[in-house]
Each structure stands twice: as structure tokens, then as C-alpha cells.
> 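The structure that follows is given in the form of C-alpha cells.
By convention in this document, chain letters (A, B, ...) are assigned in the order of the sequence lines, proteins followed by strands, and residues within each chain are numbered from 1. All figures in this text were calculated on a predicted structure; none of them were measured in a lab.
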Protein chains: 2
Amino acid sequence: MTVTLADVAARAQVSPATVSRVLNGNYPVAATTRERVLRAVDELDYVLNGPASALAAATSDLVGILVNDIADPFFGIMAGAVQSEIGGPGGRAGGERLAVVCNTGGSPERELTYLTLLQRQRAAAVVLTGGAVEDPAHAAAMGAKLRRLGESGTRVVLCGRPPAPDTGAIALTFDNRGGGLRLTQHLLALGHRRIGYIAGPEERTTTRHRLEGHRAALSAHGITDDPHLTLHGPYDRRSGYDAALELLRRDPDLTAVVAANDTVALGACAALRDRGLRIPADVSVAGFDDLPFSMDAVPALTTVRLPLQTAGARAGRIAMGREDAPPGGIATVQGELMVRGSTGVPDPGRGGA
Amino acid sequence: MTVTLADVAARAQVSPATVSRVLNGNYPVAATTRERVLRAVDELDYVLNGPASALAAATSDLVGILVNDIADPFFGIMAGAVQSEIGGPGGRAGGERLAVVCNTGGSPERELTYLTLLQRQRAAAVVLTGGAVEDPAHAAAMGAKLRRLGESGTRVVLCGRPPAPDTGAIALTFDNRGGGLRLTQHLLALGHRRIGYIAGPEERTTTRHRLEGHRAALSAHGITDDPHLTLHGPYDRRSGYDAALELLRRDPDLTAVVAANDTVALGACAALRDRGLRIPADVSVAGFDDLPFSMDAVPALTTVRLPLQTAGARAGRIAMGREDAPPGGIATVQGELMVRGSTGVPDPGRGGA
DNA sequence: CCTCAAATAGAAAGCGCTTGCTACGTGGAG
DNA sequence: CTCCACGTAGCAAGCGCTTTCTATTTGAGG
């Protein structure tokens, strides 16, 4: 069978208790004894039994990171940052933690399931990234689950997600609304008036907030938003492509398209190009997030940069108790408007009067 | 305190054993009893204690997925596919498994550490993705660890990674060599003779195999590879940018650049553009992997498509024992050459005679 | 009616570890 | 020389669950 603590103890001629203490390093052990134990551990290739120690100690070294789509760099970057602050040899000595990322695929049920699984494992902390689903039933279920997690000692941190009131969860929220606002303001300042908007999936906080910002900018400019110029779709390239085509059909005189995120924006660019339109001469395009590839797009994409890396890292530190929570448990993280080549002044021959 | 099995048993007026059996569904329990138990579980918001049951049952529902860089869609796509075959409500009824992805950052130590952590958790299976580090010491350590994992009942699957002999691990290997070969053959067929190569990080199997393919194509064409035209660097955009510039300095008459992967290729494209060179009129560029964004690059990137999704899914099924291992425990997965706009015939005014 | 087997529930022995408490030295202080 | 305190190590009681084995119930067959 597998090697147990007792085997190591026998070989090192000490009691199991001593071996445990050497391994955990939380109790004085004479240097010579420690040495003997470590040698035995090595010789026997002993690996601690995680479940057993978690059970006995009533703690676990698991930290969960929930993401909507692991194939999307938006989440990958955040998850990587969180993980770098938490797990493996990344952290300081001591608690070797297993930072794991769970892919919900944006499904509310999977989200809940993963949370239960993590709760079952008595995870030390959980970091939830990305927008939340706005369905009231699901929100309530999530709230309850998060509260229970918190009560049972799991630290809960929301990263790039709106606060969950009364759950004790710490929130690092992106100012999606402000970002959307500034982006559309930029377009308006350039002179655009007929702006198509390719929104994310419905019933998502991120989608709603970005769209709200867009509309706020519009109405501040005295422009009544034409609902026909807003389309919803998933956060993928295809969605942007199709939506751009549809927007063009609905209003051939469009001079700008704002997309829910950079990936969608790139899809929209492809569609516009396929239609023979130049960017930004004929139509300006803007994205959101400023993922690494956006800078290399042709032309480079105007977008709102979200500090994914730093926010993720901060969430990780808070989850590890290595950084204090923001006052009130909520912090808003601003995005920064990055003006690049994909937006320009509208062609007077289009759209205008 | 937290609710335990015993609490549920008390409330349902049955023994703890019965509750356990209801929850695991692996033993006949009368319908009325089951009902009573489930109600109690619900009323008490009971969540099974994972470590305790793992300890008692000597099994775990954890499945680990190791990736080199979680922010890279190459890994994200594979990890997502693996996970979709394994975890959460994705799978059929029964074993709710916790599929988790661990980010090694390409570091050998972290890789080993994660493996130990997973072994400690008595993971049900482990899927390793991406190229391996070729350092002999590390390879030996990995081999030993993988063997031990296998011996202790953890199923080990390598996805997009060369086989690990004598470890019992199942390998789904990408034919990086063949892909590299075909890619360079394509360029040669177009008439290119001075081809720069931006390789991945050194000491990696993926890097070496792709480069071998490239060189094989070259020598089959009677071209002696100029070592000055091969540069190594990490798999990121920046590396491609810098390397392309350096390549241009070393040979201003270059007519084509092959990059280690699509991300690097995009960086190279940016550099070429910044130098005022047109793609492919002045310089052709090719990548590898065919990540989603490659199709939207301008011009669209010629590359080798790797079936990341299907390979990942298959690895996941094998890890779950839901699909038989390939004969000999090793399967080679081919890449497909995708010829797009970024490669064309070389400008006779450049490079040539 | 009685017997026996199938169906169902319970008792209890761990799974491998942690940790509070006790026991044993040993050296400096009284 | 004795005592106390400190530095170490061991004992043993669980942690919460699974599972084997046993007990009880029930129904069919004789």
C-alpha cells in the first residue's frame, strides 16, 4: 500500500506526532530529529495524505478561481494573476496552496455546482471573476451560497464582478459603466452620431453596465438611442462578425461600431472589411478590455483598458489575507480609454446630413 | 458548527450509514427513506465533507489539468475541452468531479509542485498539456513522479506533449515536426529561400520539434539552414516583435518569417509593418496553432491548425476512463496546414539573385 | 403457519492525520 | 542538592465519512 505517516515515523524512530510536526513546521522539533524524519520521508517517497490532514486539521489548502470561459484571455489573464499570488512556489514559504481554476462556461448551474464542490472541499478561499448573471433566482442562490461559504471560513473575493450584498464577499469591481461612457464620449467627440452597439449576452451585469455607459454618453449628447442599433450576442468573434453585418443592414450609414469587448470588435472589423469598408475611414470600431492582441490588430483597436493583471493579483492577495480588504469591502477599479487607430473622424459623405 | 452527516441522520431518523448511502447512491435504500434523508439534507443545507469522504473512501473526485500559461488561448482551449468532458454538470450523472486547472507558468519546479499537490489530494486523474521541458534532470524527476502517480491509481494523460516512456502515462502527441515541415514546404514551394525562424523557448520539446520540421524541409530542398536566421524567445507577442526586427537586421533581404506560434507571428507582423514592409508582398509570415484570432489578423495568418478542442476532449474522456487509450498508449495527432493571406510568392526584387 | 431468502437498516471499525495534554530530561536558580 | 521551567517527544482522542458485517423485517413458497 501507500506509505503513511506511521511508516515514516517507524523508519525515523519517532512517533507519528513528531513526523506531522516536522512536516508542518508548526512546533519545535530538535534539529537532529527533524533531519532524521526528513531523511525517512525522502527515502520512502512519502507524500502527505491531503484529505486526511484536511480532515484532521479542519482546513484545506485549496483555493478556487471561477472563470466564465477559460479559453478567453480576459479570464486567463486574471486567473493567472490570482494564481501567481496564491499557489505553488509563487508564494512565500509555508502553506503550499493548490490554486485551481474552474471553468463555468458562463452557466449559472455550473457556477453553483463548482461552488458546492469547493465548499465540499472546504476551500480556503474562492475568487469569482467576470460578470454575474442577473437572473433573480440565480442571484439569490448565489448570494446564499456565498454567504454560507463565508460563514464556514472560506474567504470569498469577487474580481471584476459587482458586489454581492450581505454575503461578506469582498468585491473588486470594474467600472464598466464609466468605461463604456468614456468610450462613446470619445466617439461622439470625433463627430460620430450613428453608432451601432454590439452588446454582450443578455442578463449579464457586464453587458448591462457597459451598455448603460454607452447610453448615458449618448443621452448626455442629446442623442436618443435607437434600439435597432443595439444587438446582443455572446463574447466571441463570430458574434461580432454577424452583428456588424446586421447593423450595416439596419443602418448602412453607420459611422461607428462599439463592441462589447475586443474579441467581438475584431469580428466586427472582419465583417466590415469583408463588406469593403475601411476602418476607420468608413467606419470606426471600438472594443473593451484591451487584451494583448488588440494592440496588434490592423488598425490597432481603440478600447478601454482594464487592469486585469493588477486586479487579479490584488484579489489573490486579499484572498490569501495578505492584503487588507478595501474599505466597505468594495473597491471600484477604473478602466482607461486607449485611443488607437481604429477610431477616427467620420466620413462626411456617410451618415451625416 | 457545520452540519455533519450525523446531524442529517438524526433529523431524518436514520443512521449515518443510511445517509451516506443515499448520498452516494451505491446501495439500495427504500424510496421513503431516501426521501426523508434528502429532505433533511435540504433543510439543513448539508454539504458533504470532501476530505472526510475522500479519506474514508480512499478516492477523490479531483482531476487536475496542468497548463503552461493559462492566459494563452492555446492552453485555455485545451483545458476547457478537457474540463468539459470531466467536470461539473457537463458529465453524466454520478461522480460530480472537480476539474481544476493549474498554471505552471512553464516552470519545471511549479510543474513538479503541482503534481505533488495533486498526488497529495489523491487526484483521480491528471492531464498534462503542452510541451515538456527537456532538461534531463527535470525529465527524470517528472518521469518518476508520473510513474508514482500512476501507481497510486491516478490516471495520467499527456495532451499535446511527447510520450513519457515507462510511466504508464497515455500520450496524445501533436505532430509538431510534421506541421513545421509542411509549413516550410509551403513557403519553399512559393519560392522563398531566405526564411527567418522565430523559435519558442529553448529546451522545450515543442520548440525543438517544430524547428526540426522546418530544418528538414529546408534540407530536403537542398538549403543549408543559416543558424543566424533562427532566434529563440518566449511564446509572446513581444518576442515575435523583437525577433522580427533582429532577423531583419541580420538579413534585410528576408522574404519570409516562420514563427513558433500564432501569437509570436502576430508580433512579428507588427514589427514588419512598423518597418514599412507589406505582408505578404514584401515578407510572408506564418504561425502555428491556428488560434481563433489568427483568422482575423490582417492579412489572415497562414498557420498549422492543431485540433486543440478535439484533442483536449479526447484526453478528458481517456482520463475519465470513458474512452479507451490508443494502442500502445500513444497517439499522434496531426496538424493541418491552413494557407491564408499572410504568405505569398516572394518579391523578385528582394532576397533573390 | 413456518422457513428461508431477499431487502433494508444499523453498529462499529477504521481511513491517515493533527493536536491538546502529559511525560520526560536537563540545566540554571535557589 | 533540589526544584522549576523550558525544550522535546509521545499518547491518544478524535476529525466526518465509508463500508463490512450483522440484525431485522418482509414476503413467498412449502
Side-chain angles (χ1 to χ4, degrees), chain A residues 1-38 40-41 44-62 94-96 117 119-122 124 152-153, chain B residues 1-38 40-41 44-62 94-96 117 119-122 124 152-153:
Chain A
M1 268 309 295
T2 51
V3 184
T4 73
L5 235 209
D7 299 331
V8 176
R11 174 154 198 134
Q13 316 224 58
V14 297
S15 72
T18 301
V19 177
S20 169
R21 299 205 257 245
V22 168
L23 261 23
N24 290 300
N26 52 8
Y27 193 87
V29 173
T32 64
T33 312
R34 182 202 322 289
E35 170 111 355
R36 203 145 29 93
V37 169
L38 290 178
V41 165
L44 295 176
D45 256 339
Y46 172 68
V47 175
L48 201 59
N49 182 318
S53 66
L55 172 59
T59 66
S60 146
D61 51 5
L62 243 198
E96 215 61 302
L117 250 24
Q119 183 181 5
R120 180 175 299 183
Q121 301 296 331
R122 305 301 190 250
S152 59
Chain B
M1 266 310 293
T2 50
V3 184
T4 72
L5 235 210
D7 299 331
V8 176
R11 174 151 197 138
Q13 317 224 57
V14 296
S15 72
T18 302
V19 177
S20 169
R21 300 204 257 245
V22 167
L23 261 22
N24 290 300
N26 52 8
Y27 193 87
V29 172
T32 65
T33 312
R34 182 202 323 288
E35 171 110 354
R36 202 143 32 91
V37 169
L38 290 178
V41 166
L44 295 177
D45 255 339
Y46 172 68
V47 174
L48 200 60
N49 182 317
S53 65
L55 172 59
T59 65
S60 148
D61 52 6
L62 243 198
E96 215 62 301
L117 251 23
Q119 182 181 5
R120 181 175 297 182
Q121 301 297 329
R122 305 299 189 252
S152 60

> Checking contacts here: which listed nucleotide (C/dT18, D/dG16, D/dG10) is nearest the side-chain heavy atoms of A/Ala57?
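For the A/Ala57 side chain, the nearest candidate turns out to be C/dT18.
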> Is the phosphate of D/dT8 approached by A/Thr33 (side-chain N or O, under 4.0 Å from OP1 or OP2)?
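So the side-chain polar atoms of A/Thr33 never come under 4.0 Å of the phosphate oxygens OP1 or OP2 of D/dT8.
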> How about A/Gln121 and B/Asp61: does a side-chain donor come under 3.5 Å of a side-chain acceptor?
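Yes.
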> Take atom CG of B/Leu5 and atom C1' of D/dC15, then tell me their distance rounded to the nearest Å.
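Rounding to the nearest Å, CG of B/Leu5 and C1' of D/dC15 are 13 Å apart.
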> Which nucleotide in the set D/dC11, C/dG10, D/dG16 lies at the smallest distance from any side-chain heavy atom of B/Ala56?
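When the side chain of B/Ala56 is considered, D/dG16 is the closest of D/dC11, C/dG10, D/dG16.
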> Roughly, in whole Å, what's the span from CG in B/Asn49 to C1' in C/dC15?
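Those two atoms, CG and C1', are 13 Å apart.
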> Backbone N or O of B/Thr4 within a donor-acceptor pair of the B/Asp7 side chain at under 3.5 Å?
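It does hold such a pair.
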> B/Ser15 side chain: which of C/dG10, C/dT18, D/dT18 is closest?
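Between C/dG10, C/dT18, D/dT18, the one nearest the side chain of B/Ser15 would be C/dG10.
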> Starting at CD of A/Gln121 and ending at P of D/dG16, how long is that distance when rounded to a whole Å?
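Whole-Å distance recorded here is 16 Å.
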> Could you check how far OH of B/Tyr27 sits from P of C/dA6, rounded to whole Å?
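To the nearest whole Å, that distance equals 14 Å.
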> Please determine whether any donor N or O and acceptor N or O are separated by less than 3.5 Å between the side chain of A/Arg21 and the base of C/dG20.
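In this structure, the two groups form a donor-acceptor pair.
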> Does a side-chain N or O of B/Ser20 approach OP1 or OP2 of D/dT18 to a distance below 4.0 Å, or not?
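So the side-chain polar atoms of B/Ser20 do come within 4.0 Å of the phosphate oxygens OP1 or OP2 of D/dT18, strictly under.
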> Can you give me the closest heavy-atom contact between B/Arg120 and A/Pro51, atom names plus distance?
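Reported closest heavy-atom pair: O-CD, 3.4 Å.
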> Counting heavy atoms from C-beta on, name the nucleotide in C/dT8, D/dG16, C/dG16 closest to the side chain of B/Pro28.
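Selected nucleotide: C/dT8.
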> For B/Asn26, answer base if it contacts any base atom (sugar-phosphate contacts may also be present), sugar-phosphate if it contacts only those atoms, and nothing otherwise; contact means non-hydrogen atoms under 4.0 Å.
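Since only primed, P, OP1 and OP2 atoms lie under 4.0 Å of B/Asn26, the category is sugar-phosphate.
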> Given A/Asn49 and B/Gln119, is the side-chain hydrogen bond (donor to acceptor under 3.5 Å, both in side chains) satisfied, shown in steps?
CA-CA 8 Å; A/Asn49 182 318; B/Gln119 182 181 5; over 6 Å; no
> Base, sugar-phosphate or nothing for A/Ala58? Non-hydrogen atoms, less than 4.0 Å.
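It contacts nothing in the nucleic acid.
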> Where do B/Ala9 and B/Ser15 come nearest, in terms of heavy atoms and distance?
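Answer, listing the atom of B/Ala9 first, then B/Ser15: CB-C, 3.7 Å.
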> How many whole angstroms separate atom CG of A/Asp61 from atom P of C/dT18?
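To the nearest whole Å, that distance equals 11 Å.
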> For C/dT18, does either OP1 or OP2 sit under 4.0 Å from a side-chain N or O belonging to A/Asn24?
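So the side chain of A/Asn24 is within the cut-off, an N or O lying under 4.0 Å from OP1 or OP2 of C/dT18.
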> Given atom CG of B/Leu48 and atom C1' of D/dG16, what is their separation to the nearest angstrom?
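Checked: the CG to C1' distance equals 9 Å.
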> Per the atom types in the model, does the base of D/dG16 pair as donor or acceptor with the side chain of A/Arg122 at under 3.5 Å?
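Absent.
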> Between D/dC21, D/dG10, C/dC15, spot the one nearest the side chain of B/Leu55, thanks.
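Closest nucleotide among those given: C/dC15.
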> Nearest whole angstrom, please: distance from the C1' of D/dG7 to the CZ of A/Arg34.
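It works out to 13 Å between those atoms.
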> List the atom of B/Leu5, the atom of B/Val19, and the distance in Å for their closest heavy-atom pair.
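Minimum heavy-atom contact is CD2-CG1, 2.9 Å.
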> Starting at CG of B/Leu23 and ending at P of D/dT19, how long is that distance when rounded to a whole Å?
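The answer, rounded to whole Å, is 13 Å.
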> Between B/Ala31 and A/Ser53, which is nearer to the 5' end of DNA chain C once each is assigned its nearest nucleotide?
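With A/Ser53 and B/Ala31 compared, the 5'-side residue is B/Ala31.
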